[in-house]
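Below, chain A is the first sequence line, B the second, and so on; all start at residue 1.
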Amino acid sequence: MVRVRFAPSPTGSLHIGGARTALFNWLFARHHGGTFVLRLEDTDLERSARAWEDQIMESLRWLGLEWDEGPDRGGPVGPYRQSERLEIYRAEVEKLLGKGAAYHCYCTPEELEARREEARRAGRAPRYDGRCRDLDPRQVEEFKAAGRRPVVRVRVPEGGATVVRDLIRGEVLFEHEVLDDFIIMKSNGLPTYNFACVVDDHHMRITHVIRAEEHLSNTPRQILLYQFLGYSPPLFAHVPMILAPDRSKLRKRHGATSVEEFRELGYLPEALVNYLALLGWYPGDEEEILSREEMVRRFSLEAVAKTPAVYDVGKLTWMNGQYLRRLPLEEVVERALPFFQAAGLLRAPAAPEEVGYLKAVLAPVRERVRTLGEAVEAARYFFRDDFQYEEQGVKKYFRDPGVADLLARGREALAGLDTFGAEEVERAYRDLMAQLGIPGKALIHPTRLALSGRTVGPGLFELMALLGKDRCLARLDRAVAWLRSGRSVSGSG
RNA sequence: GGCCCCAUCGUCCAGUGGUUUAGGACAUCGGUCUUUCAAGCCGAAAACCCGGGUUCGAAUCCCGGUGGGGUCACCA
């Protein structure tokens, strides 16, 4: 039975690297019919916060990466928050202390830092020198009397080496001499990452540890811990990192990096998941738009690349556009509604007519945008009259002296219509164009500008039908007046 | 700096000794369609980091170099 886990520390929002790690774990679990566990690694008291926990879980849910066991829903091997598992760690530490595999160290952080600095200056590796390994009882009493609170360190074997068998990278060998006696329990009684991770993965019966490559160098330490504790280690798979476009580790300054931000920009979870899956994984053939089911069916760790991947918002955006077009329109409307409400274009509980109108507007608009954020901008004039004419458009289509009269003629042609559907409007306009002996563009472009303020958008007749007769006439009147007032020379309106 | 990982178009991925004039996708540039834009379709440009081996033959195997990344905390 496959059991995997995603174990974020609640010290920030879920970023796309973490999201992809979660995704790979989720895909692996679902592919094998296994269990996906969510565990919160909140042993850093200063930085962890409940608010971050909530946000991470919210992001995960939004992406559709549901977990089977976790802090919010419990499970057979809980609790799933490390801060609630302290007794377990303490018991395990006692085991190690009893066996002599670990020992108390009374060095203070300041002393340690000073020695590290000294080692660095001398060009030596800044490793712990093991001076507390065999403290005599008298010395210990002195430290205690001085009020020192010890940490617990693990006694790493002097010689030899540990081999990490990685599903993605093969065997990686680490000499023990490059590992120092690392801390497993801080002086405040909380476990460190390496220790809590091992204890939990064992007690939670995790079979495969799938995590980012930055943890590869921690793995020999963890394997040592498995041995000292008498546990058999899980299988490891270190997936390549996701890098920023400048090839450095992803950071805040690289723009949108958290799942939350992409969500706010109007990316769809399906697209983000699909894009992230392709960052480092080859689905087996050249089709790149894959449903969740298809990804689950095809996923395997063997097909995960070893190379760090630079993420490319451009391709994500393209993919999002693909999803915007392929999803059922109703679905897109549902996702888009909050964005239109946030922009003040629709009321908060939207009336059914408003949703119906949004749907009609989105039908052509979604073909032309790549995110929901873009959709709002591209559709604004369908909801508000207070737009200005694009400067470029004015220069191009409002410059001709006869344009005001032309628009006025167009207005008259429309005014007589009883039915204002795209077909009727087009017929009226085509008739007018034939009558005036002018090409379509001559009337169409200025009309679009008058009606929307823009030079691009849905087909004009579709746009007119959507706007409806009243608004079309009013906007044409406005444009005619604007042109006749001579403002065309001054630029924008 | 020590240790570890990695190395194919600008980017993401194929390619696992001959089937390769190195394939696909995004982006770019042309063309086509068209009332604009987008989408679609057609096409172009674009890469095997370098040097040694091994082999009849190397993008593919080995070694070295270089480059990039990770990691060296009482963070995870």
Side-chain angles (χ1 to χ4, degrees), chain A residues 7-11 41-44 46-48 82 105 107-109 112-113 116 120 123-127 149-153 164 166 168-170 172-175 177-180 182-188 190-194 196-197 212-220 238 240-241 243 245 247-249 275 278-289 303 305-319 321-322 325 364-370 378 393 396-397 426 429 433 439-445 447-449 454-461 463:
Chain A
S9 62
T11 55
E41 309 219 327
D42 58 346
T43 55
D44 183 339
E46 277 81 61
R47 298 197 301 147
S48 298
Q82 290 186 328
C105 168
C107 299
T108 65
L112 259 13
E113 183 49 46
R116 264 198 297 272
R120 267 193 287 268
R124 296 196 315 272
R127 284 202 302 276
R149 306 266 300 140
V151 299
V152 178
R153 288 182 185 271
V164 176
D166 189 273
I168 294 171
R169 278 150 222 288
V172 185
L173 184 127
F174 294 85
E175 299 287 347
E177 55 183 50
V178 308
L179 274 23
D180 60 1
F182 57 95
I183 295 172
I184 57 176
M185 182 81 76
K186 304 180 232 178
S187 58
N188 65 3
L190 291 180
T192 59
Y193 165 72
N194 280 125
C197 180
E213 195 196 329
E214 58 185 321
H215 291 296
L216 184 58
S217 56
N218 277 318
T219 311
H238 289 93
M241 311 260 310
L243 269 28
R247 298 211 129 269
S248 70
K249 200 172 174 179
Y275 174 72
L278 257 28
L279 222 47
W281 171 60
Y282 181 60
D285 66 32
E286 281 163 355
E287 182 54 48
E288 296 198 316
I289 307 286
K306 300 176 190 194
T307 330
V310 171
Y311 94 100
D312 176 12
V313 202
K315 185 155 182 178
L316 199 214
T317 304
W318 165 80
M319 189 166 275
Q322 292 294 315
R325 289 175 193 94
V365 167
R366 68 151 165 178
E367 304 283 339
R368 297 170 163 76
V369 296
R370 299 167 305 171
K396 242 171 139 179
Y397 307 122
E426 177 160 14
Y429 250 46
M433 290 184 274
K441 314 175 182 240
L443 182 56
I444 288 173
H445 290 317
T447 304
R448 173 188 301 284
L449 188 60
R454 322 254 333 235
T455 57
V456 303
L460 180 67
F461 305 116
L463 186 160

What integer distance in Å separates Arg366(A):CZ from A38(B):P? 18 Å
What is the separation between atom CZ on Arg370(A) and atom P on G40(B), rounded to the nearest whole Å? 12 Å
What is the distance from CH2 of Trp318(A) to P of U11(B), rounded to the nearest Å? 19 Å
Expressed in angstrom and rounded to an integer, what is the separation of Leu443(A) atom CG from U35(B) atom P? 13 Å
Rounded to the nearest Å, what distance is computed from the NZ atom of residue Lys306(A) to the P atom of nucleotide A14(B)? 11 Å
Please state whether the base of U36(B) and the side chain of Arg454(A) form at least one donor-acceptor pair under 3.5 Å? no
Looking at every strand, decide which applies to Gly314(A) at a 4.0 Å heavy-atom threshold: base, sugar-phosphate, or nothing. sugar-phosphate
Regarding Pro458(A), tell me which of base, sugar-phosphate or nothing describes its non-hydrogen contacts under 4.0 Å with the strands shown. base
Gap in Å between the two P atoms, one belonging to A7(B) and one to G15(B), rounded: 13 Å
Any donor-acceptor pair under 3.5 Å between the side chain of Lys315(A) and the base of A27(B)? no
Just by protein heavy atoms under 4.0 Å, how would nucleotides 67-76 of chain B read 5' to 3' in B, S and -? -SSSS-SBBB
Assign Ala309(A) to base, sugar-phosphate, or nothing according to its heavy-atom contacts below 4.0 angstrom with the strands shown. sugar-phosphate
When we call it a touch if two heavy atoms are under 4.0 Å apart, what does Tyr311(A) touch: a base, just sugar-phosphate, or nothing? nothing
Base, sugar-phosphate, or nothing for Arg169(A), non-hydrogen atoms under 4.0 angstrom? sugar-phosphate
Is it the case that the side chains of Tyr429(A) and Thr447(A) hold a donor-acceptor pair, with the cut-off being a distance below 3.5 Å and no angle test? yes
Heavy atoms under 4.0 Å, any strand shown: does Leu316(A) hit a base, just sugar-phosphate, or nothing? nothing
State whether Asp312(A) and Lys315(A) are salt-bridged, where the test is any N-O pair (Lys NZ or Arg NE/NH1/NH2 against Asp/Glu carboxylate O) under 4.0 Å. no
Evaluate whether atom CZ of Arg149(A) has more than 12 neighbouring non-hydrogen atoms of other residues, nucleotides or ligands under 6.0 angstrom away. no
If you compare every side-chain N and O of Gln322(A) against the phosphate oxygens of G40(B) (OP1, OP2), does one of them come in below 4.0 Å? yes
Sticking with atom P, work out how far C26(B) lies from A39(B), rounded to a whole angstrom. 10 Å
Can you tell me, in whole Å, how much space there is between the P of A44(B) and that of A38(B)? 22 Å
Atom pair distance, as rounded to whole Å: CD in Glu367(A) and P in A39(B): 10 Å
Paired with His238(A), the side chain to side chain contact (heavy atoms under 4.5 Å, CB included) test is passed by just one of Glu214(A), His215(A), Lys306(A), namely His215(A)
Hey, does Gly280(A) reach any base, or is it just sugar-phosphate, or nothing, if we go heavy atoms under 4.0 Å? sugar-phosphate
Side chain of Thr307(A) (C-beta onward), nearest among G10(B), U8(B), C3(B): U8(B)
Could you tell me how far G67(B) sits from C48(B) if I compare only their C1' atoms? Round to whole Å. 16 Å
Between P of U35(B) and CG of Leu449(A), the distance in whole Å: 19 Å
Tyr282(A) OH to C13(B) C1', straight-line distance once rounded to whole Å: 8 Å
